[in-house]
Engineer: 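Questions regarding the structure given below will be posed in turn.
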Amino acid sequence: MEIGLFTEFQCPPGMDEARAFDESLAEMTAAEEMGFDAVWLAEIHFQKDRSVLSSPLIVATAIAARTKRVKIGIAVQVLPLAHPLHLAEDVATLDHLSKGRLDFGVGRSGLPEHYQRFNIPYSESRERFQETLDILLKAWTEERFTYEGKYYQFHDVCVLPKPYQKPHPPLRVAATTHETYPLVGRMGRPIFIAVRTTSISDLKSFIGGYHEGWHDAGHPGRGEVALIVPVYVADTERSAREEAEASTMHFFRVIAEALGKGGTRREEAAKLGRMNYDEILQELVVYGTPEAVTERLLELREALGYTTLSVWMNVGGRIPHERVLGSMQLFAEHVIPRLS
């Protein structure tokens, strides 16, 4: 099973942007040295005191130059915010520069603020997502193509380069609401799910919709499930809980507020904002000793059937760099061997 490290390139208050890039790039390099199979990058815009990762494809290129083995994943590219032809070129270029190590996750994002700041109505996100995905696939697999859509029209274009991987880098589609799960299943694409704004209990109840959609569309097998989950490992349960508490609580309060601004997910935002730390430990994170974390992740694998796991070691971005590296080391030495 593939096991990776997810990051947001955190930039908490008091940290300058240069240091934010340096620390997260160091963690990416360390992940390869420690034996992780992949590193995964978010796409985040306009989030002061949270992240500098607004250009994941550029950052991924830097990681490709610093590493030799790990896969480099995007988790996820927000398709409706990008011009499809530019994106097709950039992704194919990165695929070449990494010699085929790119894994391309795509989604719509659950944060309406991303769309508001780019002057794109969130109500258009689903249609824009599908048009952009259709254009990407044509750009990568057809010598020349013409496209007539609601938002984009292109005539006899030839996009270069074509990807290093044929026909294109692996695609994973993110699902953030229960309605999306069967849609991704019907598309016949691997699904990307995250313990983030969706609780572990909800993921367990939603995942069946993906497999039903997959089966109803006549696709063979069951489809692949990729999971991102917050993980923090320490020598004792108390250390794991206390060292990550302030950062974790900050993140879920902020993300609940951001969700509430959009109007479409206010009930979900209110529920998230009311959760105390004990409830978060139960439903939204996997923290503890190596033994406890291993057992919880094995239980989740049984329940969700994930085939790719990515762990987020710094929820909220306020856990010191040295402690993140320590958690990574414990995970690599004691948890990965039992999950692989």
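Nothing fancy with the numbering, it's 1 onward along the sequence.
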Engineer: Could you check whether Tyr122 and His114 have their ring centres less than 6.0 Å apart?
Structural biologist: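 No.
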
Engineer: Is a donor from one side chain sitting under 3.5 angstrom from an acceptor on the other, for Gln282 and Asp278?
Structural biologist: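 No, because no side-chain N or O of Gln282 sits under 3.5 Å from a partner of the opposite role on Asp278.
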
Engineer: Salt bridge check: are Lys138 and Glu143 linked by an N-O gap of less than 4.0 Å?
Structural biologist: no

Engineer: Are any of the side-chain nitrogens in Glu224 or Arg172 under 4.0 Å away from the carboxylate oxygens of its partner?
Structural biologist: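 The answer is yes: the pair qualifies as a salt bridge.
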
Engineer: Can you confirm if the aromatic rings of Trp312 and Tyr232 lie within a centre distance of less than 6.0 Å?
Structural biologist: no

Engineer: Under a 4.0 Å N-O cut-off, is there an ion pair linking Arg19 with Glu23?
Structural biologist: yes

Engineer: Between His45 and Arg117, does any side-chain donor sit less than 3.5 Å from a side-chain acceptor?
Structural biologist: no

Engineer: Counting only heavy atoms not in Glu17, do more than 12 fall under 6.0 Å of its CD?
Structural biologist: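 Not more than 12 within 6.0 Å, no.
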
Engineer: Given the side-chain rings of His211 and Tyr181, with only the six-membered ring counted for Trp, is the space between their centroids under 6.0 Å?
Structural biologist: no

Engineer: Got more than 12 heavy atoms from elsewhere within 6.0 Å of NE2, His215?
Structural biologist: no

Engineer: For the pair Arg196 and Glu8, find out whether any cationic side-chain nitrogen is under 4.0 Å from an anionic carboxylate oxygen.
Structural biologist: yes

Engineer: Give the C-alpha distance, both sets of side-chain angles, the deciding distance and a yes or no for side chain to side chain contact (heavy atoms under 4.5 Å, CB included) between Ile44 and Phe9.
Structural biologist: CA-CA 9 Å; Ile44 299 172; Phe9 272 59; over 6 Å; no

Engineer: Do you know the tightest heavy-atom contact between Ala88 and Val159?
Structural biologist: CB-CG1, 4.1 Å

Engineer: Taking the six-membered ring for Trp, are Phe192 and Trp40 ring centroids under 6.0 Å apart?
Structural biologist: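 They qualify: ring centres under 6.0 Å apart.
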
Engineer: Which class fits the ring pair His96 and Tyr164: parallel under 30°, tilted 30 to 60°, perpendicular over 60°?
Structural biologist: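 Perpendicular, since the angle between the ring planes exceeds 60°.
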
Engineer: Check for me whether Arg108 meets the cation-pi criterion with Phe129, that is, NZ or CZ under 6.0 Å from the six-membered ring centre and within 45 degrees of the ring axis.
Structural biologist: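 No - Arg108 does not lie over the ring of Phe129 by the 6.0 Å and 45° rule.
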
Engineer: Near Arg69 CZ, under 6.0 Å, is it more than 12 heavy atoms from other residues, nucleotides or ligands?
Structural biologist: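 Result for CZ/Arg69: enclosed.
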
Engineer: Has Ser205 got a side-chain atom pairing as donor or acceptor with Asp202's backbone, closer than 3.5 angstrom?
Structural biologist: yes

Engineer: Looking only at side chains, do Glu27 and Thr7 share a donor and an acceptor under 3.5 Å apart?
Structural biologist: no

Engineer: Applying salt bridge (Lys or Arg N to Asp or Glu O under 4.0 Å) to Glu32 and Lys68, what does each step give before you reach the verdict?
Structural biologist: CA-CA 8 Å; Glu32 178 171 78; Lys68 296 180 179 179; over 6 Å; no

Engineer: State the OH-CZ distance between Tyr210 and Arg189, to the nearest 0.5 angstrom.
Structural biologist: 10.5 Å

Engineer: For the residue pair His178 and Phe206, does the interplanar ring angle fall in the parallel (under 30°), tilted (30 to 60°) or perpendicular (over 60°) class?
Structural biologist: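 If you compare the ring of His178 with that of Phe206, the planes turn out tilted.
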
Engineer: Go through the steps to decide whether Phe252 and Tyr277 satisfy the test ring pair (Phe, Tyr, Trp, His ring centres under 6.0 Å), and finish with yes or no.
Structural biologist: CA-CA 10 Å; Phe252 285 109; Tyr277 192 43; 9.4 Å; no

Engineer: Decide yes or no on side-chain hydrogen bond (donor to acceptor under 3.5 Å, both in side chains) for Arg101 and Thr67, but give the supporting numbers first.
Structural biologist: CA-CA 10 Å; Arg101 288 188 283 146; Thr67 58; 2.9 Å; yes

Engineer: Check this for me: does any side-chain nitrogen of one of Lys150 and Glu131 sit under 4.0 Å from a carboxylate oxygen of the other?
Structural biologist: no

Engineer: Taking all non-hydrogen atoms of both residues into account, name the closest pair between Tyr287 and Thr248 and its distance.
Structural biologist: OH-OG1, 2.7 Å

